[in-house]
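Structure record follows, encoded as structure tokens.
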Amino acid sequence: MSTVVLIRLQSGFHFRRGIPLRFRPILGKREIWHSLETPGRNLARTRACACMD
């Protein structure tokens with residue numbers, strides 16, 4: 001199972017999700033990063049849940 005993390009940068013919160021080992025050679029990366037475009041933690045959590053679906 002992949003790890004999901006919220007990260008706060010100066011630009012706002014970002015969603016980081018690890019890619020399972022079997023897909024890493026296909027995608028060529030270990031993680032997926034996505035800007036949640038919000039400085040608020042609660043809204044970031046809501047948007048991160050939407051990204052997971």
Side-chain angles (χ1 to χ4, degrees):
M1 182 175 256
S2 59
T3 303
V4 176
V5 179
L6 280 180
I7 301 205
R8 185 174 181 208
L9 301 175
Q10 283 183 326
S11 60
F13 280 91
H14 287 71
F15 169 83
R16 184 181 87 188
R17 185 172 191 168
I19 296 174
L21 289 173
R22 66 179 183 226
F23 296 120
R24 289 181 186 177
I26 297 166
L27 296 173
K29 39 174 118 171
R30 296 178 58 184
E31 299 174 332
I32 294 174
W33 282 70
H34 181 71
S35 173
L36 299 172
E37 299 179 4
T38 181
R41 184 178 213 75
N42 290 333
L43 184 54
R45 285 183 189 160
T46 302
R47 290 183 180 176
C49 288
C51 287
M52 290 175 50
D53 291 336

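The figures that follow rest on heavy atoms only: side chains count, while hydrogens, waters and symmetry mates do not. Keep in mind the model is a prediction, meaning the values are calculated, not measured.
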Q: Is it possible for you to say whether I26 and L21 belong to one hydrophobic cluster, with membership spreading through side-chain heavy-atom contacts below 4.5 Å?
A: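 No, separate clusters.
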Of all the heavy-atom pairs spanning [X] and [Y], show the shortest one and how long it is.
X   : Y   : answer
R16 : I7  : NH1-CD1, 3.7 Å
L36 : H14 : CD1-C, 4.1 Å
R47 : T38 : NH1-CB, 3.7 Å
L6  : A44 : CD2-O, 4.0 Å

Q) Near R8 CZ, under 6.0 Å, is it more than 12 heavy atoms from other residues, nucleotides or ligands? A)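 Not buried by this count: 12 neighbours or fewer within 6.0 Å.
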(Q) Any side-chain to backbone donor/acceptor pair from R30 onto R24? Under 3.5 Å, distance only. (A)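 No, because the side chain of R30 does not come within donor-acceptor range (under 3.5 Å) of the backbone of R24.
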